[in-house]
Protein chains: 2
Amino acid sequence: MGTREKILAAATRIMREQGYARATTKEIARAAGFSEAALYKHFADKTEIFLGVLASQLPRLDAMLSDLTPGRGTLRGNLVRVTSTAIGFYAESFPIAASLFSSQDLLTAHRDAVHDHGAGPRTPVSRLSGYLRAERKLGRLPSTADPDSMAALLLGAAFQQGFLKHWDTEAVDATALARKLVKAVVPV
Amino acid sequence: MGTREKILAAATRIMREQGYARATTKEIARAAGFSEAALYKHFADKTEIFLGVLASQLPRLDAMLSDLTPGRGTLRGNLVRVTSTAIGFYAESFPIAASLFSSQDLLTAHRDAVHDHGAGPRTPVSRLSGYLRAERKLGRLPSTADPDSMAALLLGAAFQQGFLKHWDTEAVDATALARKLVKAVVPV
DNA sequence: GTCTATATCCCGATAGAC
DNA sequence: GTCTATCGGGATATAGAC
């Protein structure tokens, strides 16, 4: 792992555990095992570090939805797997995503950076929705089913769970929760 | 409107429009039309101002769920109303709620303050769930329906919509969206 | 590429006059 | 209750040696 990656890893950990306010250049440098000056040899400024952290989160959510193949396995089983993975993902990345709201500039910068990759926070919803549409075409969902809403409901619940997880640290069985959510959305 | 309220209003507006990072004592004082020193005559420190802003948001969500009466109106109509109101509420308060993750201390302080009022972010979900349970008892929902999951799905989707609203500023028809979400959750 | 040392700035908070 | 003036501290970022 190169210096750049060590810096990003340290920044990620601090943001997750302490919040954006504590993720100072001094703290990041200390946690990564370098001097503050080293940070600026690898990143133009602090915002670039932060954007790097966010970018490193994106692929994980993407991969989550990549192995969704219409017609394979059971529909409910597939949805439970996706939903429970999403619960874990949002729980981990919520503090970092929330940091975007620290400043309007940060939000705008991240949106632009992400936009260049043709992605965004709507991507998971839209990909899950696409999967459901395909399943409907295969006859595994009633023709009256609404894929967009189903995807928004499942991932929305997972997203909010990410917030709640950080409110109290109450342990939640992600799979059991996912199973109940899916059951309430997918007609038998 | 007294000085204290003016300060809170100014702080709320800045946090919403600019983010927590820009909500400095200097900016808040300027926007409220007072000096920085005046802030400290009405609040012990900056955290107390922030907690005041958050507290002023709470009642609105509470009121939203107060007029839910089991057996009155149509079940779907009631849910559409609640869901669309929730979409608006979360959209407005998301940046402020997200600021909680700026620092672990802030999150803890707010959680403790809210806990003393016997409330929290789980309250809306649990109240909506209670309403649905009552409707199920009245026979307006099948006995197989899962009130907890239904509430988590609807309010979760509304919550995530609050985030997405700030991503792009794409206008969303809250009522139309709510109608689709409710339809996907409530069996006919 | 990495360090030590430092410049510059601005934040939260207080002192003290009125 | 509100102001002006200011303090101490810590943040981002840079200079310059190695």
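Just so you know, these numbers use all the heavy atoms, side chains as well, and skip hydrogens, waters and symmetry mates. Keep in mind that this is a model prediction, so the values were computed, not measured.
Residues forming a side chain to side chain donor-acceptor pair (under 3.5 Å) with S99(B) (at least two apart in sequence, or on another chain): none.
More than 12 heavy atoms of other shown residues, nucleotides or ligands fall within 6.0 angstrom of atom CZ in R111(B). Summarising the local packing, NZ of K165(B) is surrounded by 12 or fewer heavy atoms from other residues, nucleotides or ligands at distances under 6.0 Å.
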Donor-acceptor contacts, no H, no angles, side chain residues 64-80 of chain A, under 3.5 Å, sequence neighbours left out:
residue: S66(A); atom: OG; partner: D62(A); partner atom: O; Å: 3.1
residue: S66(A); atom: OG; partner: R127(A); partner atom: NH2; Å: 3.4
residue: D67(A); atom: OD2; partner: R81(A); partner atom: NH1; Å: 3.4
residue: T69(A); atom: OG1; partner: R72(A); partner atom: NH2; Å: 3.3
residue: T74(A); atom: OG1; partner: G77(A); partner atom: N; Å: 2.9
residue: R76(A); atom: NH2; partner: V186(A); partner atom: O; Å: 3.1
residue: N78(A); atom: OD1; partner: R81(A); partner atom: NH2; Å: 2.8
residue: N78(A); atom: ND2; partner: R72(A); partner atom: O; Å: 2.8
residue: N78(A); atom: ND2; partner: T74(A); partner atom: O; Å: 3.3
residue: N78(A); atom: ND2; partner: Y131(A); partner atom: OH; Å: 2.8

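Applying a 4.0 Å cut-off to non-hydrogen atoms, none of the residues of residues 3-23 of chain B approaches DNA chain C. Using a 4.0 Å cut-off on heavy atoms, the residues of residues 25-47 of chain A that approach DNA chain D are T25(A), K26(A), E36(A), A37(A), Y40(A), D45(A), K46(A), listed by number. The stretch residues 96-110 of chain B does not touch DNA chain C, since none of its heavy atoms comes less than 4.0 Å from the strand.
Of the inter-residue distances, the one linking L106(A) atom CG with L51(A) atom CG reads 6.5 Å to the nearest 0.5 angstrom.
Under 4.0 Å is where a charged nitrogen must lie from a carboxylate oxygen, and between R60(A) and E92(A) at least one such pair does.
For the pair F50(B)/M15(B), a side-chain contact is recorded, criterion being any heavy-atom separation below 4.5 Å from C-beta on.
With F101(B) as reference, F94(A) is the one residue of W167(A), F94(A), Y20(A) to meet the ring pair (Phe, Tyr, Trp, His ring centres under 6.0 Å) rule.
Within the structure, no pair that satisfies the side-chain hydrogen bond (donor to acceptor under 3.5 Å, both in side chains) test touches residues 3-14 of chain A, not counting sequence neighbours.
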(request) Begin with the C-alpha distance, continue with both residues' side-chain angles, and end with the deciding distance and a verdict on side chain to side chain donor-acceptor pair (under 3.5 Å) for Q57(A) and S93(A). (result) CA-CA 7 Å; Q57(A) 304 286 312; S93(A) 51; 4.8 Å; no
